[in-house]
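First up is the structure itself, then whatever we jot down about it.
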Amino acid sequence: MDKMRRNKINKAYAVLNIILPIVSLVAIAAIYAIISKAVDIELIVPSVGATAKSFFELLGKGYFYKAVFNTLLRSALAYILAFAVAACFAALTSYFKVLRSAFSPIVVIIRVLPTMSLILLALIWFDSFQSTVLVAFCVIFPMLYTCLIDAIDGVDKDLLQMAKIYGVGKGRTVAKLYIPQMLPGVLTGVKSSAALNFKLVIAAEVLAQTADSIGVNMQLAKLDLDTATLLAWTVAAIVIGGIIELAISLIAKRAVRWL
Amino acid sequence: MKIRGLDFSYGDKLIFSGFDLDVPSGKTLCIMGGSGTGKTTLVNCICRQLDFGGDIDFEDGKSKIAYVFQQPRLIPSMSVEDNIKFVLPKGMDKISIANKVDRVIAQLRLEDCRKSYPSKISGGQASRTAIARAMVTDCDLLILDEPFKGLDVKLKREIIDILINLIEGKSVIFITHDPEEALAIGDRICVFERNSGEGVRIKGEIEISQCKSQRDMYGEYINNLRQKVYEIL
């Protein structure tokens with residue numbers, strides 16, 4: 001009887017987990033529609049219908065996919081680069097603890113560096129492609145580095161001692177002990193930084209006027225005073241960011257199935 | 001294994017000063033004593049986890065150690081079977097690994113949970129997995145550091161019965177606070193005491209000549225030894 005009741009409650013929760021996000025999306029659209037109706041100037045706050053029309057028109061255009069592909073490529077490149085460098089530095093500063101204090105001012109400087117100064121300096125020194133990648137890299141790298149350091153420090157010392165006493169090799173200790181133990185913390189960090197990385201690349205593209213990108217198309221829509229198209233690009237960016245987060249969540253769920 | 005002139009301190013706190021101890025080959029040495037009498041510190045020195053003075057020499061230079069800790073220390077991301085395999089040396093062929101793992105899993109009655117993660121098994125199964133991991137290694141010295149801590153009496157008895165058969169003929173150091181565990185498993189019981197001036201010394205020793213598997217825990221022989229143990233303690 002208890003089991004049946006529990007199953008019913010679990011099913012109800014599963015249904016609510018699907019319905020509630022849809023309800024909140026509808027609520028956002030409804031609030032936007034009310035604001036749009038109240039302002040009643042299409043140029044400033046276009047209607048939901050006009051935005052939806054622009055969005056579906058964009059989906060039919062070849063340049064939309066080219067821009068999305070290019071922005072995603074830049075995002076992926078910046079992220080992979082930031083992750084690889086952060087992983088190398090985290091491993092190095094964990095192995096040689098003395099390097100950690102030497103490296104900490106660099107991380108602090110990169111972390112507190114105003115994003116706007118970074119973008120402007122990058123635009124002076126590099127081309128628009130390199131600038132967007134560099135900006136995302138500089139913001140994401142300290143986040144990932146800190147996350148990796150915390151994950152390494154969080155590895156259970158008792159398990160490491162056990163591996164050492166049993167004479168388990170370093171390679172196997174890293175593969176079977178360090179990496180799985182670090183995974184939950186790292187995946188949480190990746191989940192929060194991946195969507196931010198995508199947003200940063202778009203922001204940098206706007207300022208760097210990077211050809212064939214989501215950012216430059218947003219900027220062009222703004223110059224044309226085509227707010228509906230600007231909102232359509234924004235919706236596209238939100239959908240892509242959401243898909244990235246969802247994909248990472250699904251990977252995380254599969255990767256840490258022992259929890 | 002012979003320990004000669006062992007010196008070790010935690011800062012100003014003297015633990016061992018010129019301490020000697022023999023671990024008889026193929027026998028179980030039970031170490032008892034109150035908290036802070038250096039029992040775990042001694043095994044940490046034996047495992048070379050601490051920097052100490054003096055000599056710890058293994059017979060014929062063999063020093064392959066297996067350690068069952070107070071907590072099972074299982075890797076949460078690995079199944080019971082993979083936790084056992086984790087400590088096997090690199091380069092062993094798959095058939096040997098499978099045979100060894102199957103044997104200890106059967107000996108420790110872990111068949112039902114061999115594919116389960118540690119978070120999904122009971123405390124008794126976790127303790128048995130930790131023992132299986134130690135037994136799979138063909139070690140020269142087995143260290144059991146209060147492996148039954150936190151287990152209920154029934155479960156403890158069940159694991160002791162399994163362990164008695166498994167450790168027969170092996171060199172074992174067994175640390176415990178419980179005289180009943182020591183009398184059931186040990187061949188020799190050593191009671192430690194420590195004072196701040198001299199460090200750890202052996203307060204008393206008892207030899208148990210009866211075979212582990214044939215001990216009558218309520219018989220006259222064990223009852224006499226029990227009395228002696230309590231007198232030393």
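Below, all heavy atoms of this structure are taken into account, side chains as well, without hydrogens, waters or symmetry copies.
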Residues of residues 167-184 of chain A with any heavy atom under 4.5 Å of a heavy atom in chain B:
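From residues 167-184 of chain A, the residues near chain B are A:Val168, A:Arg172, A:Lys176, A:Leu177, A:Pro180, A:Gln181.
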If you count heavy atoms of other groups shown closer than 6.0 angstrom to [atom1] of [X], is the number above 12?
| X | atom1 | answer |
| --- | --- | --- |
| A:Lys199 | NZ | no |
| B:Ile95 | CD1 | no |
| B:Lys212 | NZ | yes |
| A:Phe69 | CZ | no |
| B:Lys154 | NZ | no |
| B:Lys100 | NZ | yes |
| A:Met116 | CE | no |
| B:Asp51 | CG | no |

Enter the distance from [X]:[atom1] to [Y]:[atom2] here, rounded to the nearest 0.5 Å.
| X | Y | atom1 | atom2 | answer |
| --- | --- | --- | --- | --- |
| B:Cys47 | A:Tyr166 | SG | OH | 9.5 Å |
| A:Lys164 | B:Tyr67 | NZ | OH | 13.5 Å |
| B:Gln49 | A:Ile165 | CD | CD1 | 4.0 Å |

Anything in residues 73-80 of chain B with a heavy-atom distance to chain A below 4.5 Å? Please list those residues in order.
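Expected list: B:Arg73, B:Leu74, B:Ile75, B:Pro76, B:Ser77, B:Met78.
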Measure distances from [X] to the heavy atoms of chain A and classify the residue's part below 4.5 Å as side chain, backbone, both or neither.
| X | value |
| --- | --- |
| B:Asn44 | side chain |
| B:Arg48 | neither |
| B:Pro89 | backbone |

